[in-house]
Amino acid sequence: MDNTKDLNQEPLTEGSTEGYRQIKLDKLGALQTAGHDPFSQVRYDRTHCAASIEACYDELEGQAVSLAGRLMAKRLHGKAGFGDIMDESGRVQIYFKKDVLGEEALEQAKELDLGDIIGLKGRVFKTRTGQVTVEVGEFTLLAKILQTLPEKWHGLQDVDQRYRQRYVDLIVNRDVLERLRLRSRAVSEIRRFLDGRGFLEVETPMLHAISGGATAEPFKTYWNALKSDYYLRIAIELHLKRLIVGGFERVYEIGRVFRNEGVDTSHNPEFTMLELYWAYVDYTDIMALTEELTRHVAREVFKSEQVTYGEYELDFSQPFRKVKFDDAMREYAGCSLAELKTMDDLKREAARLEIKLPEERGFGRCLDEIFKEMVEPHLVQPTFIIDYPVSISPLAKRMSAADKAAAGYPADLDVTYRFELFAATMELANSFSELNDPVDQRQRLEYQIADKAEGASELDEDFLTAMEYGMPPMGGLGIGIDRLIMILSGTPAIREVIIFPQLRHK
RNA sequence: GCGCCAUUAGCUCAGUGGUAGAGCAUCUGACUUUUAAUCAGGUGGUCGCAGGUUCGAGUCCUGCAUGGCGCACCA
């Protein structure tokens, strides 16, 4: 494209999309012809960030500073003009004046477009209205915008475009950048917290030959060299447990897992999980750790243990409520686990409660459905639901007869040492004293397959073999990081806490 | 996958079968402390895409695409 073409030959397109772009291309071409190619610049030395100019005004008044960032506003006044420059820290006003810059540089400044990236050196002062400002002594164009930024009042509202062009969203909707920055800090803080307690971060495969560790439909892929189907992992669990067999005693992984399911305000098909395993402790230790971790991140990163989340006011400052699964069912579904032993029991209660059970699914999935329908909507404040039935807990250890008696459960009720953490009716964490009996484990996984649970179509024999080498008793934990960030940042939409959420390819 | 709704200028939006609009942005001119700068004058449209009804469709109908919400799927 000829960037130096005469502007007068294209008078009719100036207001069109191509026209806007062509005008900027022409400006760029003129600069390049004059030997001022912005894209030849490789660095710009800064002394300050934008936000520090106002924050440190008392020390900086009258001082020379250098800044770099994006031009976000222009207010021209003939032989002078104001602008706003934005960098990651924030914005500061800049002032161009002919007396200081000279005629040629002032003209170049007036040619700048909203969205151009510039570096500048200047003197800090306050205008007569008291606005902290940098009077520009010299400036350099570091990148030329060719597109047009969205409007300054309303920004970019179109949800589709916000996610597809997240870079534009980030430029004009600064709260998005701030929220994603908090997310990163929270993840760092989680690592610090766990590292400080002797946990070792590890990385395990994302490509799995057998999909396991959770009940979910996997994404399938194909490994050409091996001529084999593979799956993207749906959980991290089974590999981390192998490490505990091998002798690691405290491990965790923070990483992406993939589940082949729909998108809604609390689901993205790829999401970030924290899983950790801690040898020789039980689920009550993990419960304490989970509560401590959650409160720590709320306090250190989000600076508040009270959060407004949609219609809810959540309070993380108080000890989290602990409710037995059985008690929650009695209270909200009006039936105890002792009354729910067969598929017929479930059908009877579902009919009474007017719940539609999933078709062609087994006992566990249907019991889970009743819990989800009747109990979960009540779990607003941070709440641990504890002691899940074995039918929906294939990897959790069975409660001993002594513990069941102590907790008041009937001797014939099969419950496990398991908890889940809920807040704002959403599941945040899942944990148990891990089953380490390889014979029982085999039976449970076979039951899952017979129960037609999704993803459970093939036994992971190597995992069972690992367990046969002896797996110490341990507590395990999984936390949905995206959901935790949603809750702690008060953002009731998972896509607002994921940098590039999944969308249909256009 | 199902239902409802949306899609008009770069962005945010109005437009109720009869000439396609506003604000911001952009262009031209004026303006040396403005800050949603101001003032004057312009440019800018495949009304998501494809059909149909009608003398006439941005508007009504059908299909498709993308998105939103709800449902379904989903520890």
Side-chain angles (χ1 to χ4, degrees), chain A residues 7 10-24 26 72-84 91 93-101 106 113-115 125-133 135 145-164 168 172 213-217 234-235 237 257 259-269 271 273 356 358-359 361 364-365 367-369 371-372 376 385 388 392-396 418 420-422 426-432 453-455 478 480 483 493 495 503-506:
Chain A
L7 275 171
E10 294 269 323
L12 294 179
T13 58
E14 66 181 27
S16 66
T17 308
E18 271 311 298
Y20 292 130
R21 189 160 172 277
Q22 189 59 51
I23 287 165
K24 293 180 176 101
D26 290 341
M72 294 303 287
K74 253 170 92 182
R75 297 178 289 279
L76 298 184
H77 295 260
K79 296 181 181 62
F82 291 91
D84 294 341
R91 291 186 182 215
Q93 174 166 278
I94 58 177
Y95 181 49
F96 297 96
K97 183 161 74 163
K98 186 179 164 188
D99 300 346
V100 173
L101 279 169
L106 181 71
D113 287 298
L114 294 184
F125 77 109
K126 267 187 190 171
T127 64
R128 72 166 73 129
T129 54
Q131 174 74 49
V132 173
T133 303
E135 181 187 75
I145 190 170
L146 298 179
Q147 301 284 333
T148 304
L149 287 180
E151 190 228 331
K152 61 184 171 187
W153 300 350
H154 306 88
L156 184 64
Q157 302 288 337
D158 185 83
V159 176
D160 190 32
Q161 202 177 335
R162 282 189 50 223
Y163 297 141
R164 286 185 200 280
V168 180
V172 299
T215 313
E217 187 69 24
I234 58 173
E237 178 143 0
V257 299
R259 295 186 182 178
N260 204 336
E261 57 200 37
V263 169
D264 64 33
T265 51
S266 62
H267 294 83
N268 193 62
F271 62 100
M273 279 267 280
K356 188 166 154 279
E359 285 169 25
R361 293 300 172 82
R365 180 68 188 81
L367 175 59
D368 201 34
E369 183 67 21
F371 178 81
K372 282 183 167 181
E376 285 191 8
I385 297 292
Y388 280 64
I392 57 175
S393 309
L395 298 160
R418 174 185 177 189
E420 290 194 318
L421 174 62
F422 290 85
M426 199 162 58
E427 185 197 334
L428 287 185
N430 182 23
S431 164
F432 17 96
E454 274 181 271
R483 289 183 174 183
R495 297 202 291 188
L503 291 172
R504 192 182 295 267
H505 181 66
K506 230 170 184 170

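Below, chains carry the letters A, B, ... as their sequence lines are ordered, and counting in each starts from 1. As the structure is a computational prediction, the values presented were derived from the model and not from experiment.
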On a whole-Å scale, what distance lies between the C1' atoms belonging to B/rU54 and B/rC60?
-> 9 Å
Nearest to the side chain of A/I23, which nucleotide is it out of B/rU26, B/rC73, B/rU34?
-> B/rU26
Of A/Q157 and A/T127, the one whose closest nucleotide on RNA chain B sits nearer the 5' end is A/Q157
When you measure from the side chain of A/L156, which nucleotide among B/rU32, B/rC73, B/rU12 comes out closest?
-> B/rU12
Distance between P atoms of B/rA22 and B/rC71 (Å, rounded) = 42 Å
5′-ward residue of the pair A/D113/A/G78 relative to RNA chain B = A/D113
Just to confirm, is there a sub-4.0 Å distance from OP1 or OP2 of B/rG67 to any side-chain nitrogen or oxygen of A/R162?
-> no
If we take the C1' atom in both B/rC13 and B/rA6, what is their distance in whole Å?
-> 13 Å
Who pairs with A/S431 by side-chain hydrogen bond (donor to acceptor under 3.5 Å, both in side chains), at least two apart in sequence or on another chain?
-> none
A/E151 (side chain) and B/rG23 (base): donor-acceptor pair under 3.5 Å = yes
Charged N to carboxylate O under 4.0 angstrom, A/K74 versus A/D113?
-> no
Quantified in whole Å, what is the C1' atom distance between nucleotide B/rA20 and nucleotide B/rG1?
-> 39 Å
Less than 4.5 Å apart, any side-chain heavy atom of A/Q147 and any of A/K24?
-> no
Taking the side chain of A/T148 as heavy atoms from C-beta outward, which of B/rA25, B/rU35, B/rG67 is closest to it?
-> B/rA25
Quantified in whole Å, what is the P atom distance between nucleotide B/rG42 and nucleotide B/rC4?
-> 47 Å
Look at A/R75 and B/rA37 and indicate whether a side-chain polar atom (N or O) is within less than 4.0 Å of OP1 or OP2.
-> yes
Decide yes or no for A/I385 and A/F371: does some side-chain heavy atom of the first lie under 4.5 Å from some side-chain heavy atom of the second?
-> yes
Taking the side chain of A/K79 as its heavy atoms from C-beta onward, which of B/rC31, B/rU34, B/rC24 lies nearest to it?
-> B/rC31
Indicate, yes or no, whether a donor-acceptor pair under 3.5 Å links the base of B/rU66 to the side chain of A/D160.
-> no
Of the nucleotides B/rC73, B/rG67, B/rG23, which one has an atom closest to the side chain of A/L503?
-> B/rG67
Classify the side chain of A/Q131 and the base of B/rU33 as holding, or not holding, a donor-acceptor pair under 3.5 Å.
-> no
OP1 or OP2 of B/rC11 under 4.0 Å from side-chain N/O of A/Q161 | yes
With rounding to whole Å, what would you report as the distance between B/rA9 and B/rG15 at their P atoms?
-> 15 Å
Which nucleotide in the list B/rC74, B/rU33, B/rU12 gets nearest to the side chain of A/Y95?
-> B/rU33
N/O (side chain, A/R504) to phosphate O (OP1/OP2, B/rU66) under 4.0 Å | yes
According to a strict under-4.0 Å criterion, is A/K152 in side-chain N/O contact with OP1 or OP2 of B/rA25?
-> yes
Side-chain N or O of A/R164 closer than 4.0 Å to phosphate OP1/OP2 of B/rG67 = yes
Could you work out the separation of B/rG56 and B/rU19 based on their P atoms and round it to a whole Å?
-> 15 Å
Under 3.5 Å, is there an N or O donor on one side and an acceptor on the other linking the side chain of A/H267 and the base of B/rC74?
-> yes
Given atom CZ of A/R483 and atom P of B/rC74, what is their separation to the nearest angstrom?
-> 14 Å
Inter-nucleotide P distance (B/rC61, B/rG67), Å rounded | 24 Å
